[in-house]
Q: 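First the structure, then my questions, so here it is.
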Amino acid sequence: MNKFGLIVNVDKCIGCHSCFVACKEENKVAPGIQWNQIHRTENLEEQIINYYRMSCQHCEDPACLPACPVHAIYKGDNGEVLVGDNCIGCQTCYQVCPYGAPKFNTTGRTSYWDKPMLYEPELQPWQKIPQGRAQRCTLCNHRTVQGLPPKCVEVCPTKALVFVNYANLTDEQKPLVEKSVALNEKAGTHPKVRYVCSHADIASLTTKMS
C-alpha cells in the first residue's frame, strides 16, 4: 500500500506563503479557514529565523480517527487522513488533534466578496464542503490520483516541500527522509508530514494551527 506524505525542508523555506495561497485557490477554501499555515521559530543563539509549513500531518496513528463518534474519519487509499460526508461537525477531532488541524466553516460563508461575482466558476467535487463539516489538508488526493503532486508542492519556489511515497522512496528522497523528524514527536501519532531543520528542534515543538 502506498503511504503518501510530505517532507518539509525548513532550511529551504522562506516563508513566502505560496503554498498557503495555492491551497486556498486549488481547494476553494472559505474565508477564515486555513488548511495550511506558515509558522516561525527563532534560534536566538544563532540569530536564525526558521519558517515551517503546518497542516494535517496525515498520521499513521491519527488521534482523530478513533475519537470520531460517527466514524467519519478514515484512511484514504494512499494513507491520507480524510473526512467523510457523514461528519456531524461535533469538533471532537479538533479537540484531540495534537496539531489543531481540523477546521470548521460554521458561518457558511464561501466567498470573499460581499456581492455576487460577475462570473462564478462551477465548483469541483473536492471543493464542495458542507457547512460545519470538518475540513483539512487532503494531500490533494484529487491530484495525486492523476499522478500529480499536491498543489503546494508544485508551486513552492524553493522546493522546500517534497512529496514522497514512504512505501517507494527514490534514492534522492531516502537521505532526506532519514534526516527528517516529526513535529511534536511525543504526541505519538507518527505523522507522514515530516521536517528537516538544522537550526531548530522541530521534534520538541508543540505548535498548533490557529
Side-chain angles (χ1 to χ4, degrees), residues 3-27 29 31-64 80-81 91 93-104 134-140 149-164 166 169-170 172-210:
K3 291 185 179 181
F4 289 173
L6 291 178
I7 302 297
V8 181
N9 192 334
V10 180
D11 294 340
K12 288 186 174 182
C13 180
I14 58 175
C16 69
H17 286 77
S18 293
C19 57
F20 168 76
V21 175
C23 176
K24 275 274 188 179
E25 179 58 29
E26 177 70 19
N27 297 289
V29 181
I33 307 293
Q34 299 179 358
W35 287 12
N36 64 0
Q37 296 176 352
I38 300 298
H39 289 244
R40 58 182 276 167
T41 182
E42 299 184 13
N43 184 323
L44 298 180
E45 184 176 331
E46 298 183 46
Q47 297 185 332
I48 290 176
I49 296 174
N50 283 127
Y51 298 94
Y52 59 98
R53 175 194 179 280
M54 278 197 72
S55 69
C56 173
Q57 302 288 292
H58 295 283
C59 304
E60 284 281 20
D61 301 298
C64 58
E80 315 96 330
V81 179
Q91 302 195 17
C93 56
Y94 174 77
Q95 294 166 18
V96 301
C97 176
Y99 306 100
K103 301 301 173 191
F104 300 84
Q135 54 181 288
R136 67 275 191 77
C137 166
T138 63
L139 280 180
C140 282
K151 195 67 178 179
C152 61
V153 174
E154 183 178 81
V155 304
C156 180
T158 61
K159 307 302 179 187
L161 300 177
V162 181
F163 178 56
V164 298
Y166 290 100
L169 295 170
T170 67
E172 186 180 41
Q173 292 169 349
K174 287 176 182 177
L176 199 61
V177 170
E178 288 175 3
K179 290 194 298 182
S180 68
V181 298
L183 180 68
N184 189 5
E185 271 191 334
K186 68 179 182 181
T189 58
H190 308 110
K192 292 192 292 297
V193 176
R194 296 177 63 85
Y195 298 79
V196 173
C197 185
S198 304
H199 303 282
D201 184 8
I202 294 291
S204 68
L205 293 180
T206 56
T207 313
K208 284 192 173 186
M209 294 180 68
S210 56

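Only this structure's heavy atoms are used, side chains among them; waters, hydrogens and symmetry mates stay out. Note that the numbering runs from 1 along the sequence shown for the chain. On a predicted model such as this, the values are computed, not experimentally measured, just so you know.
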Q: E25 side chain to C23 main-chain N or O, any donor-acceptor pair under 3.5 Å?
A: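 A pair under 3.5 Å: no.
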Q: Please step through side chain to side chain contact (heavy atoms under 4.5 Å, CB included) for the pair V193 and V8, ending with a clear verdict.
A: CA-CA 7 Å; V193 176; V8 181; 4.1 Å; yes
Q: Identify the two heavy atoms, one from I202 and one from L183, that lie closest to each other, and give their separation to 0.1 Å.
A: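 Smallest heavy-atom distance, with atoms named: O-CD1, 3.6 Å.
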Q: Rounded to the nearest 0.5 Å, what separation is found between the CG atom of N9 and the CZ atom of R194?
A: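 Output value for this atom pair is 13.5 Å.
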Q: The test is side chain to side chain contact (heavy atoms under 4.5 Å, CB included); show your working for K192 and Q57 and say whether it passes.
A: CA-CA 6 Å; K192 292 192 292 297; Q57 302 288 292; over 6 Å; no
Q: Looking at CG of L176 and NZ of K174, how far apart are the two atoms once the value is rounded to the nearest 0.5 Å?
A: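 So the CG of L176 and the NZ of K174 are separated by 13.5 Å.
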Q: How long is the gap from NZ on K103 to OG on S55, to the nearest 0.5 Å?
A: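 Going from NZ on K103 over to OG on S55, the span is 11.0 Å.
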Q: Taking E178 for its side chain and Q173 for its backbone only, find out whether a donor-acceptor pair lies under 3.5 Å.
A: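 Such a contact is absent between E178 side chain and Q173 backbone.
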Q: Quick check: closest heavy atoms across N27 and C140, and the distance to 0.1 Å?
A: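 Shortest heavy-atom separation between N27 and C140 comes out as ND2-SG, 4.3 Å.
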Q: Quick check: closest heavy atoms across A182 and E185, and the distance to 0.1 Å?
A: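 Closest heavy-atom pair between A182 and E185: O-CG, 3.3 Å.
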Q: Which pairs pass salt bridge (Lys or Arg N to Asp or Glu O under 4.0 Å) with one or both residues in residues 31-53, sequence neighbours excluded?
A: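 Matches after skipping sequence neighbours: R40-E42.
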Q: For residues H39 and Y51, determine if any side-chain heavy atom of one lies less than 4.5 Å from a side-chain heavy atom of the other.
A: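 Result no, sub-4.5 Å side-chain heavy-atom pair not found.
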Q: Given side chains that start at C-beta, do those of C97 and P102 come closer than 4.5 Å, heavy atoms only?
A: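 Sidechains of P102 and C97: in contact.
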Q: Atom SG in C156, atom CG in L161: separation rounded to 0.5 Å?
A: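 CG of L161 is found 4.5 Å from SG of C156.
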Q: Between N43 (side chain) and A200 (backbone), is there a donor-acceptor pair under 3.5 Å?
A: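 A pair under 3.5 Å: no.
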Q: Can you list the residues that meet the side chain to side chain contact (heavy atoms under 4.5 Å, CB included) rule with K186, with sequence neighbours excluded?
A: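 N184, T206.
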Q: Taking C-beta and beyond as the side chain, do C93 and F104 meet within less than 4.5 Å on heavy atoms?
A: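 Side chain of C93 against side chain of F104, heavy atoms only: contact under 4.5 Å found.
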Q: Backbone N or O of V81 within a donor-acceptor pair of the H58 side chain at under 3.5 Å?
A: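 Yes; judged by distance alone, with no hydrogens or angles, the pair exists.
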Q: When rounded to the nearest 0.5 angstrom, what distance separates NZ in K151 from CD in E26?
A: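 K151 atom NZ to E26 atom CD measures 5.5 Å (nearest 0.5 Å).
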Q: Less than 4.5 Å apart, any side-chain heavy atom of Q37 and any of S210?
A: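 Q37 reaches S210 side chain to side chain.
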Q: For a 4.5 angstrom cut-off between non-hydrogen side-chain atoms, does F4 reach V164?
A: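 Contact flag for F4/V164 side chains = no.
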Q: Between D61 and T189, do the side chains contain an N or O donor and an N or O acceptor separated by less than 3.5 Å?
A: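 On atom types as modelled, these side chains do not qualify, holding no pair under 3.5 Å.
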Q: Any chance the side chains of H199 and N50 put a donor and an acceptor closer than 3.5 Å?
A: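 Per modelled atom types, H199 and N50 side chains form no pair under 3.5 Å.
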Q: Does any non-hydrogen side-chain atom of T158 lie less than 4.5 Å from one of C13?
A: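 Counting from C-beta outward, C13 and T158 never come under 4.5 Å.
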Q: Is there side-chain contact between L6 and V162, with heavy atoms separated by less than 4.5 Å?
A: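 L6 vs V162: side chains apart.
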Q: Answer yes or no: are there more than 12 heavy-atom neighbours, outside K3 itself, under 6.0 Å from its atom NZ?
A: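 Atom NZ in K3 is not packed in, count stays at 12 or less.
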Q: Using a 4.5 Å cut-off on heavy atoms from C-beta on, say whether the side chain of S180 contacts that of Y195.
A: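 Result no, sub-4.5 Å side-chain heavy-atom pair not found.
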Q: What is the minimum heavy-atom distance between K24 and G32, and which atoms define it?
A: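 Shortest heavy-atom contact: NZ-N, 4.1 Å.
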Q: Please check if any side-chain donor atom of Y52 sits under 3.5 Å from a side-chain acceptor atom of T207, or the reverse.
A: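 Result is yes, a qualifying pair exists.
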Q: What is the minimum heavy-atom distance between C137 and C56, and which atoms define it?
A: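 Minimum heavy-atom separation between C137 and C56: O-CB, 4.0 Å.
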Q: Can you see which heavy atom on Q135 is nearest to which on W35, and at what distance?
A: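 Closest approach of Q135 to W35, heavy atoms only: OE1-NE1, 2.8 Å.
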Q: OH/Y99 to CG/L205 distance, rounded to the nearest 0.5 angstrom?
A: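 So the OH of Y99 and the CG of L205 are separated by 10.5 Å.
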Q: Under the side chain to side chain contact (heavy atoms under 4.5 Å, CB included) rule, what do M209 and Y94 come out as? Steps first, then yes or no, please.
A: CA-CA 10 Å; M209 294 180 68; Y94 174 77; over 6 Å; no
